[in-house]
Amino acid sequence: MTMKPNDYHVSMDALSSLCKRRGFIFQTSEIYGGINGFWDYGPLGVELKRNIKESWWKSVVQTRENVVGLDSSIIMHPRVWEASGHIGNFKDPMVDCRETKSRYRADQILVFKHKSNAATLMFAYPEDEAPPAKKVKKIGKQRADDYETVPLMDIPVENYDRLVGPDTNEAGTLTEPRAFNLMFKTFVGPLEESANVAYLRPETAQGIFAQFGNVLATARQKMPFGIAQIGKAFRNEINPRNYTFRSREFEQMELEFFIQPGTDAEWHEYWVAERLSWYGKVGLPEGRMHRDIHEGDALAHYASACTDIMYDFPFGTQELEGIAARGNFDLTQHQKTSGKGLEYFDEETKEKYLPHVIEPSAGVDRIALALLCEAYRVEWIPKGKEGGEVVTADPDARQAPEGYEARTVLRFAPCIAPYKVAVFPLLKNKPELVAKAREVFDRLNERWTCFYDQAGAIGRRYRRQDEIGTPLGITIDFDTLEDDTVTVRDRDTMEQIRMPISELENYIAERVRF
RNA sequence: GCGGGUGUAGCUCAGUGGUAGAGCGUCACGUUGCCAACGUGACUGUCGUCGGUUCGAAUCCGAUCACCCGCUCCA
C-alpha cells in the first residue's frame, strides 16, 4: 500500500484542538484565563520535547569529541547584556523608517515644522545635524524662515503622515515611537531598586560566551570546538501569534562553534548541512524545508553569513533555526566590557587570536510545532476489512466519502514519538491474556516509553494510539499463550506481522532508532 | 499596535430574556477472537472574567482577558 505524502496543510484549529484533547499543549494557567504568549506542555507534549532535545544533544554534543555542553543560569550579570548590545540599543523608544529600514532613537530626533501649525510637511532630522532647510524649500515648497524646531516626541502620532523621515524625501514613512526593550526585567534581592535590576536572558548564547574562558581552561579542547546549551529564554514579544510559534517564554538549543578566523565560510556551510540532515531524521521532509540566506542589509552588522532554516507551516514559511557566522563580535564585546582576556593561543600556528564563531540556534518549541503540523493527518480508509487505498483527506472536507471512514493519525518519526509501543491484551476478561500482556509490557517499558491499554475493542485501542502517534502496537492473543508469538501492528500501514516475543526488543530497537 | 471575528462540558457545537443541552470523548460493569461494535450506568459547567440594565441575563449593554483571521511587528 502506498501512502500519499502530506501535501496539504492541517488547519491550526484542528491541530490545537487535538493537542489539547490528547494532552500535548495547554494554555498556561488556563483556569485563570491564560496569558498571551505562554504555553504549557502536557504529558505527551513533554515527551515530544524531551525527544527533540535528546536527539539534538546526541547529534550535536555526545557524538562529537569536540563539542561540550553547558547549562548557564537564566539570570546573569546585567553587564552581559550591555556587552551583547541587548541593553542600550533597545531600551529607548525607537522609530523605524518603513522605506529606508533605518531605526532612530526617538529622543535624538528633532522635527522642523511650520510655525503656524499649518498642515504642511514636517521634516525629521538627527539632533546633531542642522535643520534640513533645503528639504523645506525643495519638497515642502515653503520658506525655511517660517519653520521652527521641536522634539519628535512632541509631534502627535496622527500627524506622522506629513512627517518626512531623516533619510528620505517622502512623508509618512516613520512608525510611531516604540520601546524596544524586549527583555523581561526583574530584581535580584528583595529591594526593587534600580541597582538590583536584572534580566531574564533573551537568548542562551551569551551564557556560553560569558563562560568561554572557563570552558577553554577546563575542557581540554583545541580549535575548532563547540559549546552547546539547551535552555529557556524569554522575550517580551510585542505580538505573540500563531499558537506556540512566537511565545514569550521559549526553549532554545544553541551551539557556539569556535573556529580559527578565516575558516568561517566552510564551517558555516558545514553546520547548515549538518543541521538540515538532522531535520530530515526527526521527520521534516526536504520538500517542506528551505534555506533563507541573508545577504546585504538583512545581515546583522557583525555577521559574515546567516542562513535561516525555514519550514512551511500552515500559516506560512517560518524560521526554525538561524545559523550565523558571527565573527568574534561577542567575544570581543565581552573582553572589552569585562576587561578579561578571552584570547586563544593556537599551539600549532603559535598565534593568539579571538576565535570566530558559527552559531546554529534552534527553537525547540517551533520544532515541536513543525513536527506536529507535519505529523497530523486525517486519512480516509476503506470500510470493511481488506483492500482499498488509504487516501489523505481533503482538509476542507467535513466528512469522509461513501465507503470510507476517517482516521486521525500523527505520523511522527518513531524516534521522536512520545510513546514508542502500546501493549494490548486482545480481551480484558481473560486473565491469562492480561497477565501475559502485563509481562510483555513490563519488559518493554524498561527500555522504551510504553502504553498499556485493555479498555474497549482492540480496533478502538489501535485508533487511540494512532491519534497520539505511537508507531507500534503489540497485541497478546490466544496464540501467544501457545507459542509465545504476538502481533505487531504498524501505525502507518495498519498492517500486522506475527513475531516471537524474544525478537521484539531487537525489532523495536531497529524501528525507533534515531 | 490597528481592524474584524469568536468565547457554553475534555473536544466539536446547538441554545436570542424565564429550570443548562446534543454528539463525540472519558470512567465502571457486562459483552466482544484484530481496526473508532453493542448494552447499562456514571462523570464533567460559577455559559471566559468583572460590572451594568432587568422581577429575572448564557442571551441585552460596557469594560477586560484569551484565542482566531487580516495588516503591522519580529534586535
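Just so it is clear: chains get the letters A, B, ... in the order the sequence lines come, proteins before strands, and each one is counted from 1. This structure is a prediction, so every number in the text was calculated from the model and none was measured.
The partner of B:C60, taking Watson-Crick or G-U wobble pairs whose two distances both stay under 3.5 Å, is B:G52. Summarising the base pairing, B:G39 is matched to B:C29 through a Watson-Crick or G-U wobble pair whose two defining distances lie under 3.5 Å.
RNA chain B lies under 4.0 Å from no heavy atom of any residue of residues 358-371 of chain A.
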Summarise how protein sits on nucleotides 24-30 of chain B as a single string, 5' to 3': B when a protein heavy atom is under 4.0 Å from the base, S for sugar-phosphate-only contact, - for no contact. -SS----
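Residue side chain A:Y462 reaches the base of B:C34 through a donor-acceptor N/O pair under 3.5 Å, judged by distance alone. Side-chain N/O atoms of A:R489 and base N/O atoms of B:C35 include a donor-acceptor pair closer than 3.5 Å. With hydrogens and angles ignored, no donor-acceptor pair closer than 3.5 Å exists between the side chain of A:S17 and the base of B:C11.
If you check every strand for non-hydrogen atoms under 4.0 Å, A:F424 touches nothing. Looking at heavy-atom distances under 4.0 Å, A:D477 makes contact with a base.
Sorted by first and then second residue, the salt bridge (charged side-chain N to carboxylate O under 4.0 Å, His left out) pairs involving residues 421-431 of chain A (not counting sequence neighbours) form an empty list.
The distance from atom CD of A:E467 to atom C1' of B:U12 is 13 Å, rounded to the nearest whole Å. A:I381 places its CD1 atom 15 Å from the P atom of B:C34, with the value rounded to the nearest Å.
Atom P of B:G41 sits at a distance of 26 Å from the matching atom of B:U46, rounded to the whole Å.
A salt bridge between A:R443 and A:E505 is present, with a side-chain N of the basic residue lying under 4.0 Å from a carboxylate O of the acidic one.
Positionally, the nearest nucleotide of RNA chain B for A:D466 lies more toward the 5' end than for the other of A:G34 and A:D466.
Ring-plane geometry between A:F329 and A:Y302 is classed as parallel, the angle between the planes falling under 30 degrees on a 0 to 90 degree scale with a further cut at 60.
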